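Keep in mind that what you see is a predicted model, and the values were worked out from it rather than measured. Along the sequence shown, residues carry numbers from 1.
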Amino acid sequence: MKQPLLDHATPSSSEATGTKSLFTDAGWFSIITFSWMGPLLDLGRKKTLDLDDVPFLDDRDSVHGVLPSFKAKIVSNSATGQFTDATAAKLAKAIVLTTWKPILVTAVYALLSSVASYVGLYLIEYFVDYLNKSSRSSREGYVLALTFVVAQLIEGLSTRHLQFRSKQVGVRARSSLVAAIYSLRS
């Protein structure tokens, strides 16, 4: 009960073992399609996952990667330059300043998802007009169908990334707050 929960001298988990997270090593296509999760899902299909089977977090998502930046933002926004005089507004500002890049990426995914969801609704009128024409061009039909499929693909992927990235930002913010609280108590 008397040991601190955070050991500041301990390196991050990926530094200690020399491995990186699956997300860090993934290529752009793997990130877009979430195929970087394939090995873990395949292993989970074969057996019940143990703690040793779960890959490490990326350093940007771990407490060791988030806490120093978060503390620096709090201290830079503090009037006295102390970490201990943080108010709720200063904490909120520090969270936003620490996670503004992932928040911006999440906003782009939200915009893509919203725009792509309206494309399908917008194309319905064109589909009806196309079907009511007496002389139909097969090329126009293929373009309409392809546009609809691409819009639905973009909507699906951007919605999944919106959910993933917003949870990732939430985990970063929560871990930095919890770590800051426990570092004050120790």
**Request:** Ignoring hydrogens and angles, tell me if any N or O in the side chain of H161 forms a donor-acceptor pair with the backbone of T33 under 3.5 Å.
**Result:** no
**Fill in**
d(L144 CG, I124 CD1) to nearest 0.5 Å is 12.0 Å
**Message:** I'd like to know if the side chain of R160 and the backbone of G156 have a donor-acceptor N/O pair within less than 3.5 Å.
**Reply:** yes
**S176 versus L67, closest heavy-atom pair with distance** = O-CD1, 3.9 Å
**Request:** Find the distance between CD (E140) and OG (S135) and round it off to the nearest 0.5 Å.
**Result:** 9.0 Å
**Message:** With heavy-atom distances below 4.5 Å as the criterion, would you say the side chains of F148 and L153 are in contact?
**Reply:** no
**Message:** Whether the side chain of S158 engages the backbone of E155 through a donor-acceptor N/O pair (distance < 3.5 Å, no angle test) should be reported.
**Reply:** yes
**Asked** Which heavy atom of A151 sits nearest a heavy atom of A116, and at what distance?
**Response** O-CB, 3.5 Å
**Request:** Take M37 and L40, measure what side-chain contact (heavy atoms from CB on, under 4.5 Å) needs, and give me the verdict at the end.
**Result:** CA-CA 6 Å; M37 288 292 297; L40 182 64; 3.8 Å; yes
**S117 side chain to S114 backbone, donor-acceptor under 3.5 Å** = yes
**Prompt:** Within a radius of less than 6.0 Å around OH of Y122, do more than 12 heavy atoms belonging to other residues, nucleotides or ligands occur?
**Reply:** no
**Message:** Assess the residue pair F164 and Y109 against the criterion (side-chain contact (heavy atoms from CB on, under 4.5 Å)); give the C-alpha distance rounded to whole Å, side-chain angles, the decisive distance to 0.1 Å, and a yes or no.
**Reply:** CA-CA 10 Å; F164 173 73; Y109 284 126; over 6 Å; no
**Request:** Determine, step by step, whether V119 and I154 satisfy the side-chain contact (heavy atoms from CB on, under 4.5 Å) criterion, reporting the C-alpha distance in whole Å, the side-chain angles of both residues, the deciding distance to 0.1 Å, and the verdict.
**Result:** CA-CA 10 Å; V119 168; I154 290 172; over 6 Å; no
**Asked** Got P102 and R165 here, is their nearest side-chain heavy-atom distance under 4.5 Å?
**Response** no
**Item:** Y130 (side chain) donor-acceptor with S137 (main chain) under 3.5 angstrom
**Value:** yes
**Fill in**
When every non-hydrogen atom of V63 is compared with those of P68, the smallest separation belongs to O-CD, 4.1 Å
**Item:** Test item: side-chain donor near acceptor, S35 and S30, under 3.5 Å
**Value:** yes
**Message:** Return the CG to CG distance between L49 and L41, rounded to the nearest 0.5 Å.
**Reply:** 8.5 Å
**Prompt:** Are F29 and L157 connected, step by step, through hydrophobic side chains (Ile, Leu, Val, Met, Phe, Trp, Tyr) whose heavy atoms are closer than 4.5 Å?
**Reply:** yes
**Item:** From Q152 atom CD to T147 atom OG1, the distance as rounded to the nearest 0.5 Å
**Value:** 11.5 Å
**Message:** Could you measure the distance from the NZ atom of K167 to the CZ atom of R174? Nearest 0.5 Å is fine.
**Reply:** 10.5 Å
**Request:** Nearest 0.5 Å please: distance from the NZ atom of K90 over to the CD1 atom of I95.
**Result:** 14.5 Å
**Item:** Ion pair D42/K46, N-O distance below 4.0 Å
**Value:** yes
**Request:** Inspect the surroundings of NZ in K101 and state if more than 12 heavy atoms from other residues, nucleotides or ligands are less than 6.0 Å away.
**Result:** no
**Request:** Go through D50 and D53 one step at a time and tell me if the side-chain contact (heavy atoms from CB on, under 4.5 Å) criterion holds.
**Result:** CA-CA 5 Å; D50 297 326; D53 297 329; 3.7 Å; yes
**Request:** Kindly indicate whether the side chain of L177, heavy atoms from C-beta on, has any atom under 4.5 Å from the side chain of F70.
**Result:** yes
